[in-house]
Amino acid sequence: MSREVPRITEQTLKALGALVGSASEELSGAEIAKKTKQQSGTLYPILIRLEEAQWLESRWEDGDPRELGRPRRRLYKVTALGKRAFKDALAEISQVLGEVAWANL
Amino acid sequence: MGKPLTTILTAAAVGILVEEAKAMLPWLSDRVLRTAVRLLPDDRKERYLEEWASHLADVPGPISKLAFTLCLPLGALRIRFYLWRGSKCIERTASPHAGLYRLALFMLIGLAIQVRLRKVMEWFGFTRPRTKILGVDYEVVAAFVLVAIICLCRTQPQLSSK
């Protein structure tokens with residue numbers, strides 16, 4: 001079910017940015033944590049918020065854990081809605097930064 | 001003679017303790033991970049147990065693994081709070097008596113704190129006459145009224161947090 005629009009914080013932007021800017025479409029939690037240098041206690045609550053808002057979607061990786069020899073990874077992928085939200089947030093930040101830069105000239 | 005022997009024994013004991021601690025780290029990481037999963041709502045436990053176990057497998061080194069798992073309980077509590085708050089937001093919009101419900105709940109908590117404080121004061125020897133309503137302590141009457149209000153307000157449609 002879709003919930004409230006997530007707050008765009010620095011950590012949220014980092015997590016979204018890692019997924020938007022990744023060469024492979026899907027990333028596991030461990031890969032996102034590595035890219036964003038976020039602790040597990042911060043990252044997973046962000047991922048669930050983004051997933052509930054339908055900015056991200058996730059699925060289990062293919063394969064049987066017994067064949068893989070380890071637990072299956074959960075793979076996250078940014079949705080079109082998430083990409084748009086990320087671009088909008090970046091545009092807003094750029095606008096604010098531009099205004100601040102002009103004001104300080 | 002005694003000092004070198006003590007040094008050797010201390011070094012040996014420290015070595016044994018370090019080895020023991022190293023051997024315990026994976027077990028400890030696993031225990032912490034499972035404790036964190038237990039903090040999650042029931043419908044999320046299975047998913048996060050596997051997801052966090054796979055993440056743990058990708059973290060190199062036993063100390064880093066433990067550091068990773070030590071952050072998980074906080075994450076689990078945040079997830080739980082987020083899901084709970086989400087459901088409460090829906091409930092709040094659905095319930096016309098939600099404001100009254102929350103007010104009664106806060107008053108009940110305040111009353112409990114006041115009763116507790118009075119007991120502590122009495123324990124230290126400070127006593128004052130109790131206010132009574134129809135021969136019953138006013139706290140008992142107030143608590144009864146507040147619980148009744150809470151029960152009445154709670155009979156609202158509960159929406160799933162999922």
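Side chains included, hydrogens not; waters and symmetry mates left out as well; all remaining heavy atoms used. Each chain gets a letter, A, B and so on, in the order its sequence line appears, and its residues count up from 1.
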Next item on the list: Any chance you could measure Leu72(B), atom CG, to Gln39(A), atom CD, to the nearest 0.5 Å?
Entry: 10.0 Å
Checklist line | Contacting region of Arg47(B) [heavy-atom separation from chain A under 4.5 Å] | finding: both
Notebook entry, point to check: Would a hydrophobic clustering, with Ile, Leu, Val, Met, Phe, Trp and Tyr connected at side-chain separations under 4.5 Å, put Tyr48(B) with Leu74(B)?
Noted result: no
Check: When hydrophobic residues are tied together by side-chain contacts of less than 4.5 Å, even through go-betweens, does Phe106(B) share a cluster with Val145(B)?
Finding: no
Notebook entry, point to check: Would you say Glu46(B) has more than 12 foreign heavy atoms packed within less than 6.0 Å of its CD?
Noted result: no
Check: Should Ile63(B) and Trp27(B) be regarded as members of a common hydrophobic cluster, given that ILVMFWY residues are connected when their side-chain heavy atoms come within less than 4.5 Å of each other, either directly or indirectly?
Finding: yes
Check: Can you get from Trp52(B) to Leu75(A) by hopping between Ile, Leu, Val, Met, Phe, Trp and Tyr side chains that sit under 4.5 Å apart?
Finding: no
Item checked: Positions in residues 83-90 of chain A that reach chain B, provided some heavy atom is under 4.5 Å away -> none
Next item on the list: Determine whether Leu33(B) and Leu39(B) fall in the same hydrophobic cluster, where Ile, Leu, Val, Met, Phe, Trp and Tyr are linked whenever their side-chain heavy atoms lie under 4.5 Å apart.
Entry: no
Next item on the list: Under 4.5 Å, counting heavy-atom pairs only, tell me which of Ser54(B), Ala36(B), Gly75(B) racks up the most with chain A.
Entry: Ser54(B)
Next item on the list: Provide the closest heavy-atom pair for Arg44(B) versus Ile48(A) in the form atom of the first, atom of the second, distance.
Entry: NH1-CD1, 3.5 Å
Note to self: Are there over 12 heavy-atom neighbours, none belonging to Glu92(A), within less than 6.0 Å of that residue's CD?
What the structure shows: no
Checklist line | Heavy-atom closest pair, residues Ile79(B) and Pro45(A) | finding: CG1-CA, 3.8 Å
Notebook entry, point to check: Can you tell me how far CZ of Arg74(A) sits from NE2 of His55(B), rounded to the nearest 0.5 angstrom?
Noted result: 15.5 Å
Next item on the list: Could you please state which residues from residues 60-73 of chain A sit under 4.5 angstrom from chain B, measuring non-hydrogen atom to non-hydrogen atom, sorted by number, or 'none'?
Entry: Trp60(A), Pro65(A), Pro71(A), Arg72(A), Arg73(A)
Checklist line | chain A interface, residue from Ala76(B), Ala53(B), Ala67(B), Cys71(B) that has the most non-hydrogen pairs under 4.5 Å | finding: Cys71(B)
